[in-house]
2 protein chains.
Amino acid sequence: MRTGSKSVNLLESVRLPRSRLGRPRDERIDTEVVSAVLEVLKRGGYRAVTIDRIARRIQRGRSSIYRRWPSKRHLVAYSVVSEMGATPAADTGALRGDLEAVVGTLLRAFAGPLRQALPGLVADMANDTSLREAIRTEVLATRRRSMRQALGRAVDRGEIRRGFDVELILDMLTGPFYYRALFGHAPISRRMAREAVEYVLRVVKRP
Amino acid sequence: MRTGSKSVNLLESVRLPRSRLGRPRDERIDTEVVSAVLEVLKRGGYRAVTIDRIARRIQRGRSSIYRRWPSKRHLVAYSVVSEMGATPAADTGALRGDLEAVVGTLLRAFAGPLRQALPGLVADMANDTSLREAIRTEVLATRRRSMRQALGRAVDRGEIRRGFDVELILDMLTGPFYYRALFGHAPISRRMAREAVEYVLRVVKRP
DNA sequence: GCTTTACGATACACGAGGTCTCGTATATAG
DNA sequence: CTATATACGAGACCTCGTGTATCGTAAAGC
(Lines give C-alpha, C1' and ligand atoms only; values in the text may rest on other atoms or scores of the structure.)
Protein backbone atom coordinates (compact mmCIF):
# COMPACT_ATOMS: atom_id res chain seq x y z
CA MET A 1 0.00 0.00 0.00
CA ARG A 2 2.74 2.40 1.02
CA THR A 3 3.68 4.97 -1.58
CA GLY A 4 7.41 4.39 -1.51
CA SER A 5 8.65 7.95 -1.70
CA LYS A 6 7.70 9.91 1.37
CA SER A 7 7.29 12.84 -1.03
CA VAL A 8 7.28 16.32 0.47
CA ASN A 9 5.83 17.02 3.85
CA LEU A 10 2.36 18.43 3.72
CA LEU A 11 3.23 21.04 6.29
CA GLU A 12 6.43 22.33 4.77
CA SER A 13 5.02 25.82 5.07
CA VAL A 14 5.43 26.00 8.82
CA ARG A 15 9.20 25.77 8.50
CA LEU A 16 11.46 28.76 8.46
CA PRO A 17 13.05 29.43 5.06
CA ARG A 18 16.75 29.05 4.65
CA SER A 19 18.93 31.26 2.56
CA ARG A 20 21.35 30.06 -0.10
CA LEU A 21 24.10 32.26 1.27
CA GLY A 22 26.50 31.56 4.08
CA ARG A 23 27.09 28.30 5.83
CA PRO A 24 24.42 25.76 4.93
CA ARG A 25 22.32 24.15 7.59
CA ASP A 26 23.26 20.73 8.82
CA GLU A 27 20.52 18.54 7.39
CA ARG A 28 21.09 15.91 10.01
CA ILE A 29 19.83 18.23 12.68
CA ASP A 30 16.46 18.42 10.99
CA THR A 31 15.85 14.72 11.18
CA GLU A 32 17.38 14.46 14.63
CA VAL A 33 14.98 17.05 15.94
CA VAL A 34 11.92 15.49 14.39
CA SER A 35 12.68 12.01 15.64
CA ALA A 36 13.43 13.34 19.10
CA VAL A 37 10.09 15.13 19.10
CA LEU A 38 8.26 12.01 18.05
CA GLU A 39 9.95 9.96 20.74
CA VAL A 40 9.29 12.39 23.52
CA LEU A 41 5.76 12.78 22.27
CA LYS A 42 5.15 9.08 22.44
CA ARG A 43 6.41 8.87 25.98
CA GLY A 44 5.31 12.02 27.70
CA GLY A 45 2.81 13.68 25.40
CA TYR A 46 2.71 17.20 24.13
CA ARG A 47 3.62 18.71 27.41
CA ALA A 48 6.82 16.76 27.78
CA VAL A 49 8.02 18.21 24.51
CA THR A 50 10.19 21.13 25.47
CA ILE A 51 12.53 22.94 23.17
CA ASP A 52 15.18 22.65 25.79
CA ARG A 53 14.62 18.95 26.34
CA ILE A 54 14.72 18.22 22.62
CA ALA A 55 17.93 20.19 22.22
CA ARG A 56 19.63 18.41 25.11
CA ARG A 57 18.47 15.05 23.89
CA ILE A 58 20.19 15.45 20.57
CA GLN A 59 23.11 17.43 21.95
CA ARG A 60 22.41 20.55 19.97
CA GLY A 61 21.76 24.15 20.75
CA ARG A 62 18.28 25.51 21.17
CA SER A 63 18.99 28.10 18.52
CA SER A 64 19.35 25.37 15.93
CA ILE A 65 15.75 24.50 16.53
CA TYR A 66 14.41 28.03 16.55
CA ARG A 67 16.29 28.59 13.32
CA ARG A 68 14.16 25.98 11.61
CA TRP A 69 10.77 26.32 13.23
CA PRO A 70 9.23 29.50 14.63
CA SER A 71 7.82 27.83 17.73
CA LYS A 72 7.16 24.64 19.56
CA ARG A 73 3.70 24.23 18.11
CA HIS A 74 5.01 24.56 14.57
CA LEU A 75 7.66 22.00 15.29
CA VAL A 76 5.26 19.50 16.78
CA ALA A 77 2.72 19.94 14.02
CA TYR A 78 5.42 19.46 11.42
CA SER A 79 6.85 16.40 13.13
CA VAL A 80 3.54 14.65 13.53
CA VAL A 81 2.43 15.32 10.00
CA SER A 82 5.76 14.34 8.51
CA GLU A 83 5.57 11.06 10.32
CA MET A 84 2.17 10.30 8.84
CA GLY A 85 3.32 11.08 5.35
CA ALA A 86 1.23 12.37 2.51
CA THR A 87 -1.75 10.13 1.98
CA PRO A 88 -2.62 9.75 -1.66
CA ALA A 89 -6.22 9.58 -2.78
CA ALA A 90 -7.07 5.92 -2.85
CA ASP A 91 -9.12 4.68 -5.79
CA THR A 92 -9.96 1.04 -5.36
CA GLY A 93 -12.84 1.04 -7.78
CA ALA A 94 -15.51 0.69 -5.12
CA LEU A 95 -16.63 3.08 -2.43
CA ARG A 96 -16.21 0.55 0.34
CA GLY A 97 -12.57 0.06 -0.53
CA ASP A 98 -11.91 3.77 -0.70
CA LEU A 99 -13.51 4.39 2.66
CA GLU A 100 -11.65 1.48 4.18
CA ALA A 101 -8.44 3.09 3.00
CA VAL A 102 -9.47 6.31 4.69
CA VAL A 103 -10.20 4.76 8.05
CA GLY A 104 -7.12 2.62 7.71
CA THR A 105 -5.03 5.74 7.50
CA LEU A 106 -6.80 7.18 10.52
CA LEU A 107 -6.29 3.98 12.43
CA ARG A 108 -2.56 4.08 11.81
CA ALA A 109 -2.32 7.79 12.51
CA PHE A 110 -4.04 7.53 15.85
CA ALA A 111 -1.86 4.62 16.86
CA GLY A 112 1.18 6.88 16.51
CA PRO A 113 2.41 10.15 17.96
CA LEU A 114 -0.56 12.06 16.60
CA ARG A 115 -2.62 10.70 19.40
CA GLN A 116 -0.30 12.10 22.04
CA ALA A 117 0.08 15.39 20.26
CA LEU A 118 -3.51 16.09 19.38
CA PRO A 119 -4.79 17.63 22.61
CA GLY A 120 -1.96 20.10 22.91
CA LEU A 121 -1.96 20.86 19.23
CA VAL A 122 -5.64 21.56 19.21
CA ALA A 123 -5.23 24.02 22.04
CA ASP A 124 -2.38 25.82 20.32
CA MET A 125 -4.27 25.95 17.06
CA ALA A 126 -6.94 27.91 18.87
CA ASN A 127 -4.38 30.60 19.67
CA ASP A 128 -2.54 30.72 16.39
CA THR A 129 -4.57 31.59 13.35
CA SER A 130 -1.83 31.03 10.82
CA LEU A 131 -0.96 27.60 12.16
CA ARG A 132 -4.60 26.65 12.24
CA GLU A 133 -5.01 27.79 8.68
CA ALA A 134 -1.93 25.89 7.57
CA ILE A 135 -3.11 22.65 9.13
CA ARG A 136 -6.58 23.09 7.80
CA THR A 137 -5.64 23.82 4.24
CA GLU A 138 -2.55 21.69 3.89
CA VAL A 139 -3.50 18.62 5.88
CA LEU A 140 -7.20 18.36 6.58
CA ALA A 141 -8.35 19.82 3.29
CA THR A 142 -6.10 17.44 1.39
CA ARG A 143 -7.59 14.44 3.09
CA ARG A 144 -11.10 15.69 2.70
CA ARG A 145 -10.62 16.40 -0.95
CA SER A 146 -9.69 12.82 -1.63
CA MET A 147 -12.64 11.56 0.35
CA ARG A 148 -14.93 13.89 -1.52
CA GLN A 149 -13.59 12.57 -4.78
CA ALA A 150 -14.17 9.01 -3.68
CA LEU A 151 -17.80 9.84 -2.96
CA GLY A 152 -18.07 11.64 -6.26
CA ARG A 153 -16.82 8.62 -8.14
CA ALA A 154 -19.32 6.43 -6.35
CA VAL A 155 -22.12 8.73 -7.36
CA ASP A 156 -20.92 8.66 -10.94
CA ARG A 157 -20.85 4.89 -10.89
CA GLY A 158 -24.42 4.95 -9.66
CA GLU A 159 -23.23 3.12 -6.61
CA ILE A 160 -24.86 5.53 -4.19
CA ARG A 161 -27.52 8.21 -4.19
CA ARG A 162 -26.82 11.88 -4.59
CA GLY A 163 -27.97 14.90 -2.66
CA PHE A 164 -26.56 14.02 0.73
CA ASP A 165 -24.45 16.39 2.79
CA VAL A 166 -20.96 15.38 1.79
CA GLU A 167 -19.16 17.37 4.46
CA LEU A 168 -21.30 15.87 7.18
CA ILE A 169 -20.73 12.38 5.88
CA LEU A 170 -17.00 12.98 6.05
CA ASP A 171 -17.31 14.22 9.60
CA MET A 172 -19.45 11.32 10.67
CA LEU A 173 -16.84 8.95 9.33
CA THR A 174 -13.78 10.65 10.79
CA GLY A 175 -15.16 12.70 13.69
CA PRO A 176 -15.52 9.67 15.99
CA PHE A 177 -11.79 8.99 15.69
CA TYR A 178 -10.86 12.47 16.87
CA TYR A 179 -13.57 12.44 19.47
CA ARG A 180 -12.39 9.17 20.97
CA ALA A 181 -8.77 10.17 20.78
CA LEU A 182 -9.46 13.32 22.77
CA PHE A 183 -11.81 11.98 25.40
CA GLY A 184 -10.82 8.37 25.51
CA HIS A 185 -14.30 7.14 26.37
CA ALA A 186 -14.09 4.34 23.81
CA PRO A 187 -11.27 2.59 21.98
CA ILE A 188 -10.15 3.32 18.45
CA SER A 189 -10.13 -0.16 16.99
CA ARG A 190 -10.21 -2.05 13.74
CA ARG A 191 -13.68 -3.16 14.53
CA MET A 192 -14.87 0.37 15.13
CA ALA A 193 -13.28 1.49 11.88
CA ARG A 194 -14.97 -1.30 9.99
CA GLU A 195 -18.37 -0.51 11.44
CA ALA A 196 -17.98 3.18 10.71
CA VAL A 197 -17.52 2.42 7.04
CA GLU A 198 -20.51 0.11 7.15
CA TYR A 199 -22.74 2.75 8.66
CA VAL A 200 -21.67 5.44 6.25
CA LEU A 201 -22.37 3.14 3.34
CA ARG A 202 -25.80 2.53 4.76
CA VAL A 203 -26.44 6.25 4.84
CA VAL A 204 -25.44 6.98 1.27
CA LYS A 205 -26.54 3.85 -0.53
CA ARG A 206 -29.50 3.98 -2.90
CA PRO A 207 -32.86 3.48 -1.23
CA MET B 1 -38.71 21.74 27.52
CA ARG B 2 -36.51 23.30 30.16
CA THR B 3 -36.41 21.53 33.46
CA GLY B 4 -36.99 24.53 35.66
CA SER B 5 -34.58 23.83 38.49
CA LYS B 6 -30.96 23.96 37.42
CA SER B 7 -30.47 21.15 39.89
CA VAL B 8 -26.97 20.45 41.09
CA ASN B 9 -23.97 20.91 38.89
CA LEU B 10 -22.78 17.73 37.27
CA LEU B 11 -19.18 18.55 38.09
CA GLU B 12 -19.58 19.37 41.75
CA SER B 13 -16.78 16.93 42.49
CA VAL B 14 -14.06 19.17 41.11
CA ARG B 15 -14.73 21.74 43.81
CA LEU B 16 -12.82 21.92 47.03
CA PRO B 17 -14.84 20.84 50.05
CA ARG B 18 -15.71 23.35 52.70
CA SER B 19 -15.83 22.70 56.39
CA ARG B 20 -18.73 23.52 58.66
CA LEU B 21 -16.43 25.14 61.17
CA GLY B 22 -15.11 28.66 61.17
CA ARG B 23 -16.24 31.54 59.07
CA PRO B 24 -18.46 30.36 56.20
CA ARG B 25 -17.58 31.13 52.62
CA ASP B 26 -19.22 34.04 50.93
CA GLU B 27 -21.57 32.36 48.47
CA ARG B 28 -21.62 35.41 46.24
CA ILE B 29 -18.00 34.93 45.36
CA ASP B 30 -18.77 31.55 43.85
CA THR B 31 -21.21 32.93 41.35
CA GLU B 32 -19.11 36.01 40.70
CA VAL B 33 -16.16 33.85 39.80
CA VAL B 34 -18.11 31.57 37.52
CA SER B 35 -19.76 34.39 35.60
CA ALA B 36 -16.45 36.18 35.25
CA VAL B 37 -14.89 33.02 33.86
CA LEU B 38 -17.71 32.61 31.35
CA GLU B 39 -17.42 36.20 30.21
CA VAL B 40 -13.68 36.13 29.78
CA LEU B 41 -14.02 32.78 28.07
CA LYS B 42 -16.46 34.14 25.57
CA ARG B 43 -14.22 37.06 24.70
CA GLY B 44 -10.70 35.77 24.84
CA GLY B 45 -10.96 32.01 25.02
CA TYR B 46 -9.32 29.62 27.42
CA ARG B 47 -6.02 31.37 27.36
CA ALA B 48 -7.42 34.70 28.40
CA VAL B 49 -8.78 33.10 31.55
CA THR B 50 -6.22 33.79 34.21
CA ILE B 51 -6.75 33.35 37.89
CA ASP B 52 -5.30 36.78 38.41
CA ARG B 53 -7.50 38.38 35.79
CA ILE B 54 -10.64 36.77 37.16
CA ALA B 55 -9.78 37.90 40.66
CA ARG B 56 -9.13 41.47 39.58
CA ARG B 57 -12.28 41.55 37.53
CA ILE B 58 -14.49 40.77 40.50
CA GLN B 59 -12.31 42.64 42.98
CA ARG B 60 -11.46 39.64 45.07
CA GLY B 61 -8.30 37.96 46.18
CA ARG B 62 -6.77 35.12 44.27
CA SER B 63 -6.85 33.00 47.38
CA SER B 64 -10.63 33.09 47.36
CA ILE B 65 -10.54 31.30 44.05
CA TYR B 66 -7.92 28.75 45.00
CA ARG B 67 -9.91 28.06 48.11
CA ARG B 68 -12.81 26.83 45.98
CA TRP B 69 -11.15 25.16 43.02
CA PRO B 70 -7.80 23.39 43.01
CA SER B 71 -6.70 24.84 39.68
CA LYS B 72 -7.61 26.85 36.66
CA ARG B 73 -8.65 23.83 34.68
CA HIS B 74 -11.00 22.66 37.40
CA LEU B 75 -12.52 26.09 37.57
CA VAL B 76 -13.06 26.37 33.84
CA ALA B 77 -14.49 22.88 33.56
CA TYR B 78 -16.86 23.58 36.41
CA SER B 79 -17.94 26.91 34.98
CA VAL B 80 -18.65 25.61 31.53
CA VAL B 81 -20.56 22.60 32.74
CA SER B 82 -22.57 24.57 35.26
CA GLU B 83 -23.60 26.94 32.50
CA MET B 84 -24.91 24.09 30.40
CA GLY B 85 -26.91 22.65 33.24
CA ALA B 86 -27.80 19.04 33.78
CA THR B 87 -29.52 17.66 30.74
CA PRO B 88 -32.27 15.21 31.63
CA ALA B 89 -32.89 12.16 29.51
CA ALA B 90 -35.45 13.23 26.95
CA ASP B 91 -38.23 10.78 26.19
CA THR B 92 -40.45 12.09 23.44
CA GLY B 93 -41.90 8.74 22.55
CA ALA B 94 -40.09 8.47 19.23
CA LEU B 95 -36.42 8.05 18.50
CA ARG B 96 -36.31 11.00 16.14
CA GLY B 97 -37.56 13.32 18.83
CA ASP B 98 -35.10 12.00 21.37
CA LEU B 99 -32.18 12.40 19.02
CA GLU B 100 -33.31 15.87 18.07
CA ALA B 101 -33.26 16.77 21.73
CA VAL B 102 -29.71 15.49 21.95
CA VAL B 103 -28.38 17.50 19.04
CA GLY B 104 -30.38 20.49 20.21
CA THR B 105 -28.48 20.41 23.47
CA LEU B 106 -25.21 20.13 21.61
CA LEU B 107 -26.18 23.00 19.36
CA ARG B 108 -26.83 25.24 22.33
CA ALA B 109 -23.73 24.09 24.16
CA PHE B 110 -21.43 24.82 21.26
CA ALA B 111 -22.96 28.23 20.78
CA GLY B 112 -21.85 29.14 24.29
CA PRO B 113 -18.62 29.28 26.27
CA LEU B 114 -18.00 25.59 25.83
CA ARG B 115 -16.82 26.29 22.33
CA GLN B 116 -14.15 28.72 23.51
CA ALA B 117 -13.12 26.50 26.39
CA LEU B 118 -12.95 23.18 24.62
CA PRO B 119 -9.48 23.32 23.06
CA GLY B 120 -7.75 24.35 26.25
CA LEU B 121 -9.80 22.02 28.35
CA VAL B 122 -9.04 19.08 26.14
CA ALA B 123 -5.34 19.77 26.45
CA ASP B 124 -5.49 20.03 30.21
CA MET B 125 -7.54 16.87 30.46
CA ALA B 126 -4.68 15.06 28.78
CA ASN B 127 -2.42 16.06 31.67
CA ASP B 128 -4.78 15.52 34.56
CA THR B 129 -6.13 12.04 35.00
CA SER B 130 -8.52 12.86 37.79
CA LEU B 131 -10.07 15.77 35.95
CA ARG B 132 -10.40 13.68 32.81
CA GLU B 133 -12.05 10.95 34.80
CA ALA B 134 -14.43 13.37 36.45
CA ILE B 135 -15.53 14.88 33.17
CA ARG B 136 -15.88 11.50 31.57
CA THR B 137 -17.93 9.89 34.28
CA GLU B 138 -19.94 12.86 35.46
CA VAL B 139 -20.64 14.67 32.23
CA LEU B 140 -20.05 12.56 29.17
CA ALA B 141 -21.23 9.31 30.67
CA THR B 142 -24.43 10.94 31.85
CA ARG B 143 -25.23 12.21 28.40
CA ARG B 144 -24.34 8.95 26.78
CA ARG B 145 -26.45 6.97 29.19
CA SER B 146 -29.53 8.91 28.25
CA MET B 147 -28.79 8.47 24.55
CA ARG B 148 -28.28 4.78 25.08
CA GLN B 149 -31.60 4.57 26.82
CA ALA B 150 -33.30 6.37 23.98
CA LEU B 151 -31.91 3.84 21.54
CA GLY B 152 -32.93 1.02 23.85
CA ARG B 153 -36.48 2.27 23.98
CA ALA B 154 -36.58 2.49 20.21
CA VAL B 155 -35.42 -1.11 19.95
CA ASP B 156 -38.07 -2.18 22.41
CA ARG B 157 -40.72 -0.38 20.40
CA GLY B 158 -39.53 -2.25 17.36
CA GLU B 159 -38.78 1.08 15.79
CA ILE B 160 -35.26 0.14 14.84
CA ARG B 161 -33.14 -2.92 14.38
CA ARG B 162 -30.88 -4.35 17.07
CA GLY B 163 -27.32 -5.48 17.02
CA PHE B 164 -25.67 -2.25 15.93
CA ASP B 165 -22.71 -0.74 17.74
CA VAL B 166 -24.42 1.65 20.11
CA GLU B 167 -21.28 3.46 21.20
CA LEU B 168 -20.26 4.11 17.64
CA ILE B 169 -23.68 5.40 16.76
CA LEU B 170 -23.44 7.86 19.62
CA ASP B 171 -20.04 9.00 18.43
CA MET B 172 -21.19 9.38 14.86
CA LEU B 173 -24.00 11.58 16.05
CA THR B 174 -22.02 13.77 18.43
CA GLY B 175 -18.43 13.43 17.23
CA PRO B 176 -18.90 15.79 14.30
CA PHE B 177 -19.89 18.58 16.68
CA TYR B 178 -16.67 18.30 18.65
CA TYR B 179 -14.65 17.79 15.54
CA ARG B 180 -16.01 20.92 13.90
CA ALA B 181 -15.72 22.93 17.08
CA LEU B 182 -12.05 22.07 17.38
CA PHE B 183 -10.95 22.43 13.78
CA GLY B 184 -13.52 24.86 12.46
CA HIS B 185 -13.49 23.41 8.96
CA ALA B 186 -17.29 23.46 8.77
CA PRO B 187 -20.04 25.27 10.67
CA ILE B 188 -22.11 23.82 13.48
CA SER B 189 -25.58 24.63 12.30
CA ARG B 190 -29.20 23.70 12.73
CA ARG B 191 -29.15 22.17 9.31
CA MET B 192 -26.15 20.05 10.11
CA ALA B 193 -27.76 18.89 13.34
CA ARG B 194 -30.94 17.95 11.52
CA GLU B 195 -29.08 15.97 8.90
CA ALA B 196 -27.01 14.16 11.49
CA VAL B 197 -30.18 12.85 13.11
CA GLU B 198 -31.49 11.85 9.71
CA TYR B 199 -28.38 9.89 8.87
CA VAL B 200 -28.25 8.12 12.18
CA LEU B 201 -31.85 7.09 11.80
CA ARG B 202 -31.02 5.72 8.40
CA VAL B 203 -28.29 3.59 9.92
CA VAL B 204 -30.36 2.03 12.68
CA LYS B 205 -33.75 1.71 11.05
CA ARG B 206 -35.07 -1.72 10.15
CA PRO B 207 -33.96 -3.01 6.74
C1' DG C 1 39.94 37.14 2.30
C1' DC C 2 35.26 39.07 2.84
C1' DT C 3 30.58 38.32 3.66
C1' DT C 4 26.97 35.72 5.20
C1' DT C 5 24.84 32.33 7.59
C1' DA C 6 25.05 28.18 10.96
C1' DC C 7 26.13 26.51 15.40
C1' DG C 8 26.33 26.15 20.47
C1' DA C 9 26.18 28.41 24.88
C1' DT C 10 24.30 31.53 27.84
C1' DA C 11 21.81 35.38 29.73
C1' DC C 12 17.52 37.54 29.83
C1' DA C 13 12.64 39.07 29.85
C1' DC C 14 8.05 37.63 30.38
C1' DG C 15 3.83 35.34 31.67
C1' DA C 16 1.18 32.21 34.31
C1' DG C 17 0.35 28.69 37.67
C1' DG C 18 0.45 27.68 42.19
C1' DT C 19 2.15 28.06 47.31
C1' DC C 20 2.80 30.56 51.52
C1' DT C 21 2.35 34.09 55.00
C1' DC C 22 0.00 37.53 57.50
C1' DG C 23 -3.26 40.70 59.39
C1' DT C 24 -8.09 41.02 59.73
C1' DA C 25 -12.98 39.41 59.72
C1' DT C 26 -16.65 36.21 61.08
C1' DA C 27 -18.71 32.06 62.13
C1' DT C 28 -19.50 27.98 65.88
C1' DA C 29 -18.45 25.37 70.27
C1' DG C 30 -18.17 25.47 75.11
C1' DC D 1 -17.37 35.75 76.40
C1' DT D 2 -13.53 33.40 74.81
C1' DA D 3 -11.21 30.03 72.13
C1' DT D 4 -10.88 27.92 67.80
C1' DA D 5 -11.26 27.43 63.09
C1' DT D 6 -11.93 29.09 58.79
C1' DA D 7 -12.55 32.99 55.18
C1' DC D 8 -10.77 36.98 53.03
C1' DG D 9 -7.46 40.15 50.64
C1' DA D 10 -2.79 41.39 49.58
C1' DG D 11 1.48 40.43 48.34
C1' DA D 12 5.94 37.91 48.17
C1' DC D 13 7.86 34.02 46.14
C1' DC D 14 9.17 29.89 43.42
C1' DT D 15 9.05 27.25 39.17
C1' DC D 16 8.79 26.32 34.45
C1' DG D 17 8.67 27.03 29.71
C1' DT D 18 8.59 30.19 25.69
C1' DG D 19 10.92 33.06 22.93
C1' DT D 20 14.75 36.77 22.09
C1' DA D 21 19.35 38.56 22.02
C1' DT D 22 24.34 38.24 22.22
C1' DC D 23 28.78 36.26 21.26
C1' DG D 24 32.62 33.58 19.78
C1' DT D 25 33.55 30.15 16.46
C1' DA D 26 32.82 27.29 12.16
C1' DA D 27 31.90 26.77 7.31
C1' DA D 28 30.00 27.85 3.01
C1' DG D 29 30.15 31.15 -1.64
C1' DC D 30 32.05 35.13 -4.07
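Separating the NE2 atom of B:His74 from the C1' atom of C:dG17 is a distance of 13 Å, rounded to the nearest angstrom. The CH2 atom of B:Trp69 sits 16 Å away from the C1' atom of C:dG18 (whole-angstrom rounding). With rounding to whole Å, B:Asp26 atom CG is found 18 Å from D:dT6 atom P. Whole-Å rounding puts the A:Ile29 CD1 to C:dG8 C1' distance at 9 Å. Atom pair A:Asp30:CG and C:dA6:C1' shows a separation of 12 Å (rounding to whole Å applied). Atom pair A:Glu27:CD and C:dT5:P shows a separation of 17 Å (rounding to whole Å applied). The nearest whole Å value for the distance from the CG atom in B:Asn127 to the C1' atom in C:dG18 is 16 Å. B:Leu16 has its CG atom 15 Å from the C1' atom of D:dC8, to the nearest Å.
Taking A:Tyr178 as the reference, nothing meets the side-chain hydrogen bond (donor to acceptor under 3.5 Å, both in side chains) condition, with sequence neighbours excluded. For B:Arg56, the side-chain hydrogen bond (donor to acceptor under 3.5 Å, both in side chains) test picks out B:Asp52, with sequence neighbours left out. Taking the side-chain hydrogen bond (donor to acceptor under 3.5 Å, both in side chains) definition, one finds that B:Arg15 meets it with B:Asp30, sequence neighbours left out. Partners of A:His74 according to the ring-ring contact (aromatic ring centres under 6.0 Å, His included) rule, which considers only residues two or more places apart in sequence or in another chain, do not exist here. Take B:Arg144 and apply the salt bridge (Lys or Arg N to Asp or Glu O under 4.0 Å) test, not counting sequence neighbours, and it matches B:Glu167, B:Asp171.
When the options B:Val200, B:Val203, B:Leu173 are evaluated for a side-chain contact (heavy atoms from CB on, under 4.5 Å) with A:Met172, the one that passes is B:Val200.
Checking the phosphate oxygens (OP1, OP2) of D:dC8, a side-chain nitrogen or oxygen of B:Arg68 falls inside 4.0 Å.
For A:Arg60, taking side-chain heavy atoms from C-beta onward, the closest of the listed nucleotides D:dT6, D:dC8, C:dG8 is C:dG8.
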Inset, instruction - Report, as a single string ordered 5' to 3', how protein heavy atoms within less than 4.0 Å touch nucleotides 13-30 of chain D: B base, S sugar-phosphate only, - not at all. - result: -----SBB-----BBB--
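Looking at heavy-atom distances under 4.0 Å, A:Arg56 makes no contact with the nucleic acid at all.
Between A:His185 and A:Phe183, the ring-plane angle classifies as tilted under the 30° and 60° cut-offs.
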